[in-house]
Amino acid sequence: MNKKIGLKEAISIGIGGMVGGGIFAVLGLAVSLAKGGTPIAFLWAGLLALITSYSYVKLSLNYPDRGGTVKFINQGFGKSVFSGAMNNLLWVSYIIMLSLYASAFGAYAPNLWQITHDKSINFHIYASAIIVLATAINYYSIAVVGKIESYAVVIKLIILIGFIGIGAYGLMGNPNIEQLAVTNWEPFIHLFAGGMVIFVAYEGFELIANAAPDIANPSRNIPRAYYTSVIFVIVLYFIIALVTVGSLPFQNIADAQDYVLAEAAKPMLGQVGFTIITIAALISTFSAINASLYGGSRVNYEIAEDDELPHHFLAKFWNHPIGLLITSIATLILVNVLKLESISTAGSIGFLLIFGIVNLVGFRLAEDTGSYKFIPLIGFVLCMTALVVLIQQQYRTNLLGILVSFVIIASCFVMEYLFKRSESSRN
């Protein structure tokens, strides 16, 4: 229990948190929105994550706590209705991310084994089954969850880096490489909006904050862990997007939107490559669901412990916080009701808002944390600008995703207000 986390392990937490199911779930969606400019869309989203990581570095160094983002928001705004609503939104955003990962699993799995002849039924069976399995593993042993994640990080990175190496070689002489030309880019505003829709692919670096109290030599290792993991993933996603758009015609990408990374391996490695990437996707999404279920239940527990949710959420079910079961059930409902783009949009809106607030906390506490005020201020302005652009762009094509996001955010505020009011009336 007293063993400290080294730099390599801290970097692994950040990379593992980001390179989960996100890239497998949203790559096809990114191409549909940005076309030849998809690498630039990933770059926009990555730069926003990198700027935000500065606030996380300073806050993690000065307020190390296993509550991570929950504690930072409370530190900046006190235990108010606003901070409680934001923290509840963080928990809901975990549920949305779980739905995204389960959607990716449900899309890739039938490529290996079709249970029925109906594509939609296969999706729902696989997406639901993986949530149930991951929930069972979380109840069985947290140690097993940790082992799955540690092995999965290595496996998926080896396969993705192999995909990049072989794919880059396969681009030579491939006529589809012309799709990357500037003439095939969507307008700037569409590239920016596309980057924000897929911003969820970078969600995960903030998990380093939860490990901050256990990181050895924090003044040296915490900044290195954040910056190294985010920059590594930016480069990884950028090259994956280059290889994918340069390997397949846009029509093929559209036809295989839900499992496009596997399809992109076909020109170089044929059916074998398709199968290998499919297996990597299943491993990645499964490990991400495992880890996020645990993280989501912990966030729920922390919020209740801080009196921002009823203390009923501190109750245990089979020796685990009741939040684990609630998170699992909510994920099952969401993944079977909403489509991928709506889930991705809702997740990106949630995390853009949360990261914007964390940047605002970084700005407000700059003197206490020894920060340059202008960096978190830029992060806050960019997050809010990105939020407005995303809402405006998706309003035309994905009204349901926007409505779901607004209902979720409003519900977080209403429930927190009613809870605080009931608490004050009792006192």
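- Not one N or O on the side chain of Glu186 forms a donor-acceptor pair closer than 3.5 Å with the backbone of Ser32.
- When the side-chain contact (heavy atoms from CB on, under 4.5 Å) test is applied to Asn62, the partners found at least two apart in sequence or on another chain are Thr369.
- Partners of Phe72 according to the ring-ring contact (aromatic ring centres under 6.0 Å, His included) rule, which considers only residues two or more places apart in sequence or in another chain, are Tyr56.
- Ala262 meets the side-chain contact (heavy atoms from CB on, under 4.5 Å) test with Tyr108, Phe274, Ile277, Thr278; sequence neighbours excluded.
- With sequence neighbours left out, Glu263 forms a salt bridge (charged side-chain N to carboxylate O under 4.0 Å, His left out) with Lys266.
- Around CD of Gln271, the count of heavy atoms belonging to other residues, nucleotides or ligands within 6.0 Å exceeds 12.
- For Ser328, the side-chain contact (heavy atoms from CB on, under 4.5 Å) partners two or more places apart in sequence, or in a different chain, are Ile131, Thr135, Leu293.
- Atom CD1 of Ile253 sits about 7.0 Å away from atom OG1 of Thr38, to the nearest 0.5 Å.
- Among residues two or more places apart in sequence or in another chain, the ring-ring contact (aromatic ring centres under 6.0 Å, His included) test is passed with Tyr259 by none.
- For Phe105, the ring-ring contact (aromatic ring centres under 6.0 Å, His included) criterion is met by no residue, not counting sequence neighbours.
- Ser342 places none of its side-chain heavy atoms less than 4.5 Å from the side chain of Val404.
- In this structure, Ser292 contributes its side chain and Ile289 its backbone to no donor-acceptor pair below 3.5 Å.
- Interatomic distance, CD1 of Ile408 versus CD1 of Ile349, reported as 9.0 Å (0.5 Å rounding).
- Counting only distance, with no hydrogens or angles, the side chain of Ser55 and the backbone of Ile51 share no donor-acceptor pair below 3.5 Å.
- Of the possible donor and acceptor atoms, none in the side chain of Ser128 sits under 3.5 Å from a partner among the backbone N and O of Ile125.
- Checked against salt bridge (charged side-chain N to carboxylate O under 4.0 Å, His left out), Glu308 has no partners two or more places apart in sequence or in another chain.
- Proximity of Phe77 to Val361: side-chain heavy atoms (C-beta onward) are separated by under 4.5 Å at one or more points.
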Begin from the C-alpha positions of Val144 and Asn290 and carry the test side chain to side chain contact (heavy atoms under 4.5 Å, CB included) through to its verdict. CA-CA 10 Å; Val144 172; Asn290 258 319; over 6 Å; no
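- Not counting sequence neighbours, the partners of Ala386 by the side-chain contact (heavy atoms from CB on, under 4.5 Å) test are Leu48, Phe192, Met196, Leu352.
- Looking only at side-chain heavy atoms (C-beta outward), Cys383 and Leu353 stay at 4.5 Å or farther from each other.
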Would you mind writing out the side-chain donor-acceptor pairs for residues 310-322 within the sub-3.5 Å range, not counting sequence neighbours?
from, atom 1, to, atom 2, distance (Å)
His311, NE2, Asp307, OD1, 2.5
His320, NE2, Asn138, O, 3.3
His320, NE2, Tyr139, O, 3.3

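- Side-chain contact between Leu261 and Leu160 is present, with heavy atoms from C-beta onward closer than 4.5 Å.
- In this structure, Tyr301 and Arg298 have side chains that are in contact, with non-hydrogen atoms separated by less than 4.5 Å.
- Side-chain atoms of Met415 and Leu309, non-hydrogen and from C-beta on, never get closer than 4.5 Å to each other.
- Listed by first and then second residue, the side chain to side chain donor-acceptor pair (under 3.5 Å) pairs that reach into residues 194-211 come to none, sequence neighbours excluded.
- The side-chain heavy atoms of Ile137 and Phe286, taken from C-beta on, include a pair separated by under 4.5 Å.
- Side-chain contact between Ile11 and Lys8: absent, with no pair of heavy atoms (C-beta onward) separated by less than 4.5 Å.
- Looking at residues two or more places apart in sequence or on another chain, you find a ring-ring contact (aromatic ring centres under 6.0 Å, His included) between Phe188 and Trp44.
- In this structure, Leu29 CG and Lys339 NZ are separated by 13.0 Å, a value rounded to the nearest 0.5 Å.
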